[in-house]
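Just so you know, these numbers come straight off a predicted model, no measurement behind them.
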Amino acid sequence: MKYDVKDLKLAGVGRKRIEWADNDMPVLAKIRKDFAKRKPLRGMKMSACLHITAETANLARTLKAGGADVVLCASNPLSTQDDVASSLVRDYKIPVFAIKGENNRVYYEHIKAAVAHKPNITMDDGADLVSTIILKHRELHERILGSMEETTTGVIRLKAMEKDGVLRFPIIAVNDAATKHLFDNRYGTGQSTVDGIIRATDVLIAGKNVVIAGYGWCGKGFAMRAKGMGANVIVTEVDPIKAIEAAMDGMRVMSMKEAAAIGDVFCTLTGDINVINAEHFRRMKDGAIVANSGHFNVEIDIPGLKKIAAKIRKNIRNYVDEYTLKNGRRIFLLADGRLINLSAAEGHPASVMDMSFATQALTTEFCVKNRGKLEAKVYDVPKFVEDRVSTMKLASMGIKIDKLTPRQKKYLSSWKEGT
Ligand code: ADE
C-alpha cells in the first residue's frame with residue numbers, strides 16, 4: 001500500500017483521537033453499521049481531498065465499511081493531524097497522502113497520488129481535486145459518476161466551472177445542504193475559530209474590539225461566539241442585506257478602513273481575496289492580531305504586508321509571526337493566513353462534523369444508486385438525505401418534536417380558510 005504520512009509511530013495517539021471523535025458522531029456510526037451490512041459502495045474507487053482530521057477518519061472508515069476503496073489526500077497544507085493520518089494507514093489500512101506543513105509542491109504531489117487512484121467518486125473540500133482532474137486528467141472524466149463538495153469556496157469554484165461549460169461530471173453541493181451549512185459553518189466555524197485564535201495567542205476576548213470580515217454563516221457563527229465571550233464585535237461586509245442583518249443582530253458595522261484603526265483582533269471569513277490589505281495594515285494599532293478562517297490563504301494580503309514590513313520575526317510563538325511596520329507598530333499574523341481553526345486548533349468539533357459527514361456518506365450512496373442518470377451539473381443534496389440526517393441527529397440528541405395532525409396538514413395545503 002502506498003502512502004505518505006509524517007511518521008507511523010504517531011498512530012497510537014491518532015487512533016485514540018479517532019475513537020474519541022467517534023463518541024460524538026452517533027449518526028455517522030449508525031450509517032457505518034448499516035453500510036457494513038449492505039455494502040452500497042461496493043466496487044467504488046474513491047479519492048477524497050479533505051482536511052485530514054479525526055472526524056474525516058471516521059468518514060473514511062464509513063465509506064470503507066460501505067465497500068469503497070478509499071484514498072485520502074489533504075485539502076490544505078496546514079490542517080493535517082499527523083497522528084490521525086498515521087493511524088488511518090496503520091490501523092485502518094486506508095492510504096493517506098498528507099503531512100502537516102507540506103509545501104505547495106508536496107501538496108499537489110499528494111493530490112496527484114489521489115488522482116492516480118483512478119476514482120469513480122471524489123470528495124473535495126475546496127475543489128482542488130476536481131479542478132486538477134478537469135484541467136489535467138481528461139482520461140478520468142468519463143469514469144467519475146459523482147463528486148461531493150464540502151465547502152462554500154469549493155461550491156463557488158464548481159459553479160464557475162459549470163458556467164464556463166468545463167464541468168464533465170456531476171457535482172453534489174454538500175455544503176449547501178441545511179444539515180451542513182446551518183450547523184457546521186455556523187456553530188462549527190464559530191467555536192473552532194475562537195478556539196484557534198485563543199490556542200495561538202491566549203488572548204482574552206472579553207473587552208476586545210473583534211473585527212469580523214464577512215457575515216455569511218461562518219462569520220455569523222464567529223460573531224455570535226465572540227460576542228458571547230464579551231467582545232465588542234465589528235462586522236465588515238460588502239452585501240447590504242448581510243450588513244443590515246449584522247446591525248440588527250447588535251453588531252457594529254463599518255468599512256474595513258474604519259475598523260482597521262480600532263480593531264484588536266481581526267478575522268476574515270469571506271472567501272474573497274485581499275480583504276485586509278496594506279492600507280488597512282498601516283492604520284492598525286500596535287499589537288493587532290490578524291487571522292483568517294476562510295478556506296484559502298488569500299483573504300489577507302500577506303505579500304502586501306511583507307512589502308510594508310520593516311522587520312519580520314517568524315514563529316514568536318507557535319502559529320504567530322510578528323511584522324513590524326515602518327511606523328513601529330507590530331502586527332501579529334496567525335498561521336500564515338491559513339485557516340486558523342484547522343491550523344492552530346482541531347477544526348470543528350466532532351458532533352457538528354457528524355451531520356456534515358453523514359450527509360456526505362448518504363449523498364455518496366445516492367450518486368452510486370443514480371449512476372448514469374446525473375448530468376455534468378452542480379446539484380443540491382436530495383431532500384430525503386437531509387430528512388434522514390436531521391431525524392437521526394435529533395434522535396441521537398434525545399429530542400422529540402411534534403408531528404402535524406391530519407387537520408394541520410390539510411390546513412397548510414389549502415388556501416380557502418382565512419379570517
Ligand atoms: N472542516 C472544519 N472542521 C473540520 C474537521 N474537524 N474535520 C474535517 N473537516 C473540517
Side-chain angles (χ1 to χ4, degrees), residues 190 193-215 218-220 222-238 243 246-247 249-270 272-294 297-341 343-345:
T193 301
V194 171
D195 189 13
I197 292 172
I198 292 178
R199 287 200 209 190
T201 61
D202 201 25
V203 70
L204 180 73
I205 302 292
K208 293 288 190 306
N209 288 336
V210 174
V211 179
I212 300 173
Y215 206 65
C218 296
K220 253 181 236 178
F222 178 49
M224 199 197 294
R225 292 296 171 252
K227 194 175 181 200
M229 293 179 78
N232 301 306
V233 176
I234 296 168
V235 169
T236 71
E237 249 303 337
V238 290
D249 283 348
M251 317 293 168
R252 291 169 74 190
V253 181
M254 60 184 76
S255 68
M256 182 57 84
K257 190 172 167 189
E258 210 182 325
I262 55 177
D264 299 301
V265 177
F266 294 80
C267 189
T268 52
L269 307 97
T270 68
D272 212 341
I273 192 165
N274 295 345
V275 177
I276 298 182
N277 61 33
E279 185 198 352
H280 302 133
F281 284 122
R282 280 201 196 92
R283 296 171 73 90
M284 286 182 190
K285 298 195 283 190
D286 181 41
I289 291 169
V290 181
N292 165 54
S293 204
N297 62 336
V298 296
E299 306 210 11
I300 302 166
D301 179 13
I302 300 173
L305 175 60
K306 284 184 178 154
K307 259 192 215 149
I308 62 168
K311 193 167 117 199
I312 302 171
R313 285 205 301 151
K314 301 288 272 183
N315 234 27
I316 57 164
R317 61 185 261 145
N318 284 343
Y319 306 108
V320 185
D321 293 337
E322 179 191 83
Y323 289 77
T324 307
L325 307 192
K326 290 176 192 118
N327 60 19
R329 295 187 206 138
R330 292 161 307 157
I331 310 278
F332 298 123
L333 176 68
L334 307 191
D336 245 334
R338 298 215 182 265
L339 15 78
I340 189 65
N341 59 337
S343 306

query: Any chance CZ of Arg252 has more than 12 other-residue heavy atoms, nucleotides or ligands included, within less than 6.0 Å?
result: no
- prompt: Is a side-chain N or O of Asp301 found less than 3.5 angstrom from the main chain of Ile276, in a donor-acceptor match?
  reply: no
query: Under 3.5 Å, side chain of Asp195 to main-chain N/O of Ala345, donor-acceptor pair present?
result: no
- prompt: Within a strict 4.5 Å, meaning less than it, do heavy atoms of the Asp249 and Tyr215 side chains meet?
  reply: yes
- prompt: Is there side-chain contact between Phe266 and Met284, with heavy atoms separated by less than 4.5 Å?
  reply: yes
message: Atom NZ of residue position Lys257 - does it have more than 12 heavy atoms of other residues, nucleotides or ligands inside 6.0 Å?
response: no
- request: Looking only at non-hydrogen atoms, find the nearest pair between Ile340 and Ala200 and report the distance.
  value: CD1-CB, 4.4 Å
query: Quick check: does any side chain N or O of Asn292 sit under 3.5 Å from a backbone N or O of Gly337, one acting as donor and the other as acceptor?
result: yes
Side-chain heavy atoms of Leu333 within contact of Phe281, under 4.5 Å: no
task: Would you please test Val290 and His280 for side-chain contact (heavy atoms from CB on, under 4.5 Å) and show each step?
output: CA-CA 11 Å; Val290 181; His280 302 133; over 6 Å; no
message: Could you check whether any side-chain heavy atom of Ile289 comes within less than 4.5 Å of a side-chain heavy atom of Lys208, counting everything from C-beta outward?
response: no
- request: Identify the two heavy atoms, one from Phe222 and one from Cys267, that lie closest to each other, and give their separation to 0.1 Å.
  value: CE2-CB, 3.6 Å
field: Between CE on residue Met256 and CD on residue Glu237, distance to nearest 0.5 Å
entry: 10.5 Å
message: Looking at every heavy atom in both Ala243 and Val253, which two are closest together, and how far apart are they?
response: O-CG2, 3.6 Å
- prompt: Ignoring hydrogens and geometry, is there a side-chain-to-backbone donor-acceptor pair from Asp264 to Asn209 under 3.5 Å?
  reply: yes
- request: Considering non-hydrogen atoms only, spot the tightest contact between Arg225 and Gly190 and give its length.
  value: CG-C, 3.8 Å
- prompt: Hey, does the side chain of Glu299 reach the backbone of Thr270 with a donor-acceptor pair shorter than 3.5 angstrom?
  reply: yes
task: With the side chain counted from C-beta on, respond yes when Asp202 and Arg317 share a heavy-atom pair under 4.5 Å apart, and no when they do not.
output: yes
task: Identify the heavy atoms of Val211 and Gly263 that sit nearest to each other, and give their distance.
output: CG2-CA, 3.7 Å
- request: Answer yes or no: is there a donor N or O on one side and an acceptor on the other, between the side chain of Asn277 and the main chain of Glu279, under 3.5 Å?
  value: yes
- request: Heavy atoms only: give me the nearest Thr236-Ala259 pair and the separation to one decimal.
  value: CG2-CB, 4.1 Å
